[in-house]
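To keep things clear, I will list the structure first and then write my remarks on it.
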Amino acid sequence: MDPQTVFCHNPACPARGQVGKGNIGVHSQKDRRYICRECNSTFAETRGTPFYQLRMAKDVVVLVVTLLAYGCPIQAIVAAFGLDERTVVSWQERAGKHCEGVHQHLVERPRDLGQVQGDEIRVKMQGAIVWMAMAIQVRTRLWLGGTLSTCRDTTLITSLMQKVRACALCRPLLFCADGCSTYVKAIRAVFREPLRFGQKGRPSLRPWDNLCIAQVVKQYVRKRVVGVDHRLVQGSMAQVNALLRQTQGRGTINTAYIERLNATFRSRIAALVRRGRALARQTTTLHQAMYLVGSVYNFCTYHQSLRMAIHLPANRRHWVPRTPAIAAGITDHLWTVEELLSFQVPLPRWTPPKRRGRPSKATKALIAQWCS
Ligand SMILES: [Zn+2]
């Protein structure tokens with residue numbers, strides 16, 4: 001147990017969410033509990049992870065979640081481990097929720113995206129159809145997040161664009177998608193910046209400069225592709241070519257990267273397999289499964305095309321494998337699934353309660369110690 005790597009979880013504690021400030025000590029080695037000396041509350045080592053308050057050994061949970069993240073059917077796990085089906089489903093839920101938190105904390109940070117591709121998958125559920133929209137950063141193959149909706153409409157695409165925007169810096173950006181016209185509207189609505197001149201009221205919104213939008217429209221005859229039409233909706237061809245060279249080396253406008261990612265998701269979520277029998281019943285289950293698979297893809301799997309060559313003497317080369325998270329500079333090593341599940345997402349900092357009048361000396365001391 002290392003008190004330097006954990007933080008207090010008490011929402012009312014001034015030291016909430018702050019690591020390495022010396023306020024945490026070991027309360028019990030036997031029960032694996034820490035104590036916060038600021039608020040005198042104790043908490044379990046597993047607080048803030050999917051292992052919290054589970055009776056099953058951590059190794060078994062990690063093993064089961066790893067199998068789920070690589071597409072093992074729940075029934076196979078039930079048969080192999082002798083667990084109840086509801087237990088396995090609840091672990092998947094816990095892991096999915098946790099991964100969504102990790103994703104929001106580590107991936108949804110502004111970065112220079114270069115080229116982004118987006119696409120939707122039609123998912124057959126029990127008695128319903130839902131659409132799953134996802135986006136990928138081409139250069140690092142980083143999965144940027146996904147959303148679900150019962151219709152392939154503006155709401156679905158706009159919420160996906162809001163996720164992409166959370167990951168984007170205002171730099172030259174190329175967005176490639178299919179022929180769905182909603183993309184253009186949604187991108188133009190979301191990628192805007194407020195212009196503030198110190199006046200009252202809602203500021204006017206200015207669209208981002210250097211934003212290119214391209215569409216890849218496929219023509220079908222009897223469900224077979226007979227032609228592909230590349231359309232440039234916004235931006236200049238020179239700008240698009242520069243961004244394509246920067247992010248994928250060579251080639252033209254395409255949606256191949258997101259289609260390849262869709263194939264990975266289809267093989268790893270049993271409910272997404274075409275003409276399969278393992279239909280999902282609830283959208284939330286699908287949402288959590290998507291975040292589990294996406295985070296394991298980002299953090300825990302080497303990507304063949306991301307490996308980097310290190311040139312050695314005598315014309316020899318050494319290949320260094322990388323995960324999308326390493327390529328994006330989020331981490332420096334391959335995470336194990338246990339590491340992903342044990343990652344504690346820091347809580348937002350404590351804000352002093354609002355009271356009328358001047359703050360007391362004690363409150364002032366707390367603010368000086370924890371809020372500076
Ligand atoms: Zn505390």
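None of the values given here were measured: they were computed from a predicted structure. Order of appearance sets the numbers: ligands from 1, and atoms from 1 within every ligand.
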(request) Determine, stepwise, if the pair Q234 / R188 fulfils side chain to side chain donor-acceptor pair (under 3.5 Å). (result) CA-CA 10 Å; Q234 187 175 310; R188 284 179 181 161; 2.8 Å; yes
(request) For the residue pair F191 and W208, categorise the inter-ring angle as parallel (less than 30°), tilted (30 to 60°) or perpendicular (more than 60°). (result) perpendicular
(request) Would you please indicate yes or no on a ring centroid separation below 6.0 angstrom for W143 and Y291? (result) yes
(request) Report the relative orientation of the aromatic rings in F175 and Y183; use parallel for angles under 30°, tilted for 30 to 60°, perpendicular for over 60°. (result) tilted
(request) Output yes when K58 and E338 qualify as a salt bridge under the 4.0 Å nitrogen-oxygen rule, no when they do not. (result) yes
(message) Is the distance between the ring centroids of Y34 and H27 under 6.0 Å?
(response) no
(request) Mind checking how many protein N/O/S atoms fall short of 2.8 Å from the Zn ion (ligand 1)? (result) 4
